[in-house]
Amino acid sequence: MADLPKTYQPAEHERGIWGLWTGADAFTADPRRVDADRPGYSIVIPPPNVTAALHLGHAFNNTLQDVLTRTHRMRGYEAMWIPGTDHAGIATQTVVEKRLLNEEGKRRTDFTREDFIARVQAWKDEYERRITDQLKAMGCSCDWSRQRFTMDDICARAVREAFFILFRDGLIYRGKRLVNWDPASQTALADDEVEMQDVAGRFYYLRYPLVHAPANPGDMADVQEVTWSELAARGYPGASGMPDDENAWVTVATTRPETYLGDTGVAINPHDPRAKPLRGLMVQLPLVGRVIPIVEDDYVVMPLEIPGARLPERDEDAPIDPKAKFATGFLKVTPAHDPNDFEIGRRHGLDAINIMAPDASISDHHGWSDVGDARIFVGLSREKARELVMREFDARGLLEKSVPYEHAVGHSYRTHVPIEPYLSDQWYVRVTDDRLVGFAQRALRPEQRTTSTHMPMRGVSGDGEMAFFPERYARSYEQWHDNLRDWCISRQLWWGHRIPVWTREFGTWKNLIGEADGPGEELITTLLALRDREPNAPLAYFLASKSDMSRPLLEADEIQDCTDLVCVVCVRRSGPLETTRVKPRDFEAWLAKHGFAQDPDVLDTWFSSALWPLSTMGWPEPEQSPETAGLLDAFNPTSLLSTAREIITLWVSRMAMFNRYFTSPDAGRTPGRIPFQHVYIHSVIQDGHGQRMSKSLGNGVDPLDIVESHGADALRWTLTSIATGTQDVRLPVDLICPHTGQTFAPTFIQIASGHHVPAPVQDSPFAPGKKMVTSFGAASGLAKPTPETPLARNTSSKFDAGRNVCNKLWNAGRFAMGMLTRGEPAPIPASTLRASERPLVDRWMLSRLARSARACDEATNAYQFATLNQALYDVLWRDFCDWYLEAIKPTAEGDAHQRAVLRDVLDAILRLLHPVIPFVTETIWQGLRELPRTTSIEGLGLDNDASMLCLAGWPAIDDALIDERAERDFARVQALAEAIRNVRATHKVKPQRRITLHLPDALRGEIEASGGLDLVRTLAGVEHVVAIGADTGTGSTPTPFTFEGQALALSDLADAVDAGAERERLMKLVGDLDKSIAALTARLSNPGYADKAPAKLVQQTRDELARQQAEREQAAAALGSLA
RNA sequence: GGGCGAUUGGCGCAGUUGGCUAGCGCGCAUGCAUGACACGCAUGAGGUCACAGGUUCGAGCCCUGUAUCGCCCACCA
């Protein structure tokens, strides 16, 4: 062992150890091994997006998952951690599009769909490989033989099946709805993909002229203005004060005046005193000329006051709606461009007029025809249109005022442009159906459900066993479901799972049956044959009116009356299919032959993610592939999902819905299996300033940089150490020069939004004469790093702690193994040794080990990784290294049994540490394995037949090894050694100097009886132990000190004792004791204390006071004798 | 607007049913090449636990309020 280097060099071992593990297929799970004695433990990785390499947040999450996977593997579970990546539809397509534009100057539309997808596929291949390499470098013990990608064949099969079942069961529909439209990427976004940003906008108050309803609706020539005097006659409050002959108006307040072009109504609260006088009147939109009704709707907030009117009594307790401050009481209704207005419009039968092109410019080609004088707006961007609308209204005296207003506006999470609520045809999953939302809601473990009843889903008893850690996140989960809306799943992208729906417009029923002459007959017969939806049906279909495809036409007369009939078919699988009722055929080709066209859109990326626990395990037919055979039965539900909190809604909920629905035992009537038993929500890693780490802020830390500089284990150690239960954790970021290894505090520049961005200063010490950048310097506007430019990397000194621990363990192992190879072999071969037969220090070490193992287990089971980390640190560094190794230095060589204890203790500690720092522990363990083990310690429960630590058994340490007596006795030894060391330090006694300890006889007797006296000698550098007051014959004056309230002394400290240092030491001691004594006395003299506090506690306080008083007396006496 | 988290020595954090003198790592000071480790060893300094009230014999912990920082959610009048 002497040839091992003094410091642990991770790079020299990690690759070899990884080869050892993977060469033995150590991480490959076998579902056939799962049984009652060997339960399954499974995790499916939250698949990282293939958009970019992994960041520290991924490293964090995956470290924790690996800790759990490795622990359970060692505990005897059949552990399976499935790795994989997510195609991340819009995000990946966006980065590839950007790159193509930058590097080749090409746009997506310059490619065919197939060619473009091939380019994205190439990107995906590259990043999938990089991500995989990163996970492996971090030591993630995934089952790499089962790696999945959300768009591979196995996952695609699951997506097809899931879509088909939902379609067949009426849980998927085509809806003309307002979607969150991203005008830049021209796709619909899910609610969750919209980021709210505060925007400094304005409130505009627009006047809409009032008119009489034309006799013939639509006859604009017939429109008559309403004057103020007419209004006054109708009893309209405030009208009498207005100029009689002028055209009266109502004022609407809006932040988006340009949408007035699409207004189809003005709404007023029915309780508004102005509502009644306005009945029968309409308003006319300036320029457009459109005459629109005034509708009464409770949704409208009334203003705080209406001139000339008394507002209806309001409930004192009801909170004032903040909108009331801005409200005029009139709400413009633009059903095609505002979700609320869409609902109002639907309630009152108002038209939805879409005034925008997909790029959000004003357009009369997408549903708007009555342009009138508003043609001046056509073709303008929404921003330009807004300005022009204001100018035009102002010119006509119709702009009452505008006031500044800061409000939250949805932005695309990819392109960061404001979202446009946009009317279009999209596919939806009816997640508001109880079979989905209810199943997911009730998946929660009953004790994590709240009992409030005002929310519709609350109070329903849970039937599931899904639990959140930390528990508080169960509420986020619940609240999301309480406010759920249907899920828009279609995306206007090329990169993703193509929607497996084929449609054909027939116009009329006659057209449809008219085809009966030729292939149409076959079409109809086939469709009719499948009408009863047999379980294995290869396709499902419905007929609908093209203008409203949200509802299938079911009645015969509906179908026959329809003039825009559409047939919508969902095909279950690609390739040949058959059932008992129809002949086998390739239905996709068959539909194409019949004039059907496949929907061009792809599915929201979360649709495939939602199936992840099923698809990775081969659902619906795992036996179709050797990779997935047997997995579902053995490993679903999975044991744990570990993820970030912002994804609870996007992902966790949907996995719960899908897993439960698709595993339903009775075709969706009752919920099936939950996808995972536990959901662990990890913290978000921020930099030292509380900023979220991100590429664009330049404050991210690359896990591979840390692996390189500190080692994978150090990375993992530090990450577990910061995994407290809080929602954010901070990791201060430093810059490091990769050439010199020097670190620097980053400097900061201010950017517009008020965030601090770390950016290096011009004259950075490691870049003489060069403009320096961080690894993400481009984001801060400084030079882009190139391989030639020496560039700084982001790191954190926090990782030093991890490196130090690995090094400490390395040296402890090196030293211990050195001891194990010295001395005579154990006399008793292959036997067990009882702790009770061993001296104090061994019994103490074994007891501490037993306690630590218990603490580790408890922490791991509760997902308290920082606590686990601390327990490991304490047993390794404080107990084993600081005390045990020091204490046995003189004895181990001559005591074969002690070496047996040392060996097993080291082995057990390596096992406990292995899940967190797998590489260094395995490296040492492989060395330890070489050494003969003839004697094992009873109760440690270390199996002996594993060839590698990652497959070795978890220590099954018997609680009988917990020895309170030994812990008490050894604690006394420690306290005495520390008291002696304190004196030694004050007097600057050389470490090598052996000194003499003067002990009272009784104390000496006790310590000797416990077996601790020799330990005190070793640990405190004591050569001779004599009775207090004894003459040592050296002539030196003993230096007194106190221990447990008794007077002890040390002599032979030096050739001459420094009285000044001694006085200082004693004075501080007396001072400290005085403070403490005062506090204890005060507590005891409190009349309530003795009466109400537990007697045991009171007695403890009294004893402590007595001890301290005695100690103070001793110290004071010593001080006196000094003078 | 709703919900949640945080506030403990210079920095990052523990502190799980209220109870000995509030712990840990980094940093700091002093000493040390001592049979593993200077990525180390020993000893030490450093905290009115954000603020104000309250409950209690006793509060970092429980209650009420306030302030600051941050996160998530929310249909842009």
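Below, read A as the first sequence line, B as the second, and so on, with proteins coming before strands; counting in each chain starts at 1.
- Using a 4.0 Å heavy-atom cutoff across all strands shown, A:V300 reaches at least one base atom of the nucleic acid.
- A:S721 and A:K798 are not linked by any side-chain donor-acceptor pair at a separation below 3.5 angstrom, with hydrogens and angles left out of the test.
- You'll find that the side chain of A:P421 is closest to B:rC76, out of B:rC76, B:rA14, B:rA38.
- Nearest nucleotide to the A:W877 side chain, out of B:rG40, B:rU21, B:rA36: B:rG40.
- Picking from B:rG44, B:rC4, B:rA36 the nucleotide with the shortest atom distance to the side chain of A:R472 gives B:rC4.
- Ion pairing of A:R382 with A:E420 is present here, as a side-chain N (NZ or NE/NH1/NH2) and a carboxylate O approach within less than 4.0 Å.
- Counting any heavy atom pair closer than 4.0 Å across all strands shown, A:Q1100 reaches no nucleic acid atom.
- The residue A:W717 sits apart from the nucleic acid: no heavy atom pair falls under 4.0 Å.
- Ring geometry, A:H481 versus A:Y477: the interplanar angle exceeds 60°, so the pair is classed perpendicular (tilted spans 30 to 60°).
- Considering only side-chain atoms of A:K798, the nucleotide from B:rG5, B:rG12, B:rU21 that sits closest is B:rG12.
- Nearest nucleotide to the side chain of A:Q992, out of B:rA14, B:rU34, B:rU43: B:rU34.
- The phosphate of B:rU34 (OP1 or OP2) has no side-chain N or O of A:K889 nearer than 4.0 angstrom.
- Contact annotation for A:E978: backbone-only contact, meaning every heavy-atom pair under 4.0 Å involves sugar-phosphate atoms and none involves a base.
- Evaluation of atom-type donor-acceptor distances gives no pair under 3.5 Å for the side chain of A:K6 against the base of B:rC37.
- Comment: A:R854 does not engage A:E858 in a salt bridge, judged by the lack of any side-chain N to carboxylate O separation of less than 4.0 angstrom.
- When each of B:rC20, B:rC41, B:rU43 is scored by its nearest atom to the side-chain atoms of A:D882, the top-ranked nucleotide is B:rC41.
- Side-chain contact check for A:Y208 and A:D263: at least one donor-acceptor pair (N or O, by modelled atom type) lies under 3.5 Å.
- Look at A:R878 and you'll find a side-chain N or O under 4.0 angstrom from OP1 or OP2 of B:rG25.
- Between the side chain of A:Q864 and the base of B:rA14, no donor-acceptor pair of N or O atoms lies under 3.5 Å.
- One finds a side-chain N or O of A:R981 lying less than 4.0 angstrom from the OP1 or OP2 phosphate oxygen of B:rU43.
- Within the 4.0 angstrom heavy-atom criterion, only backbone atoms of the sugar-phosphate kind lie near A:A253; the bases stay farther away.
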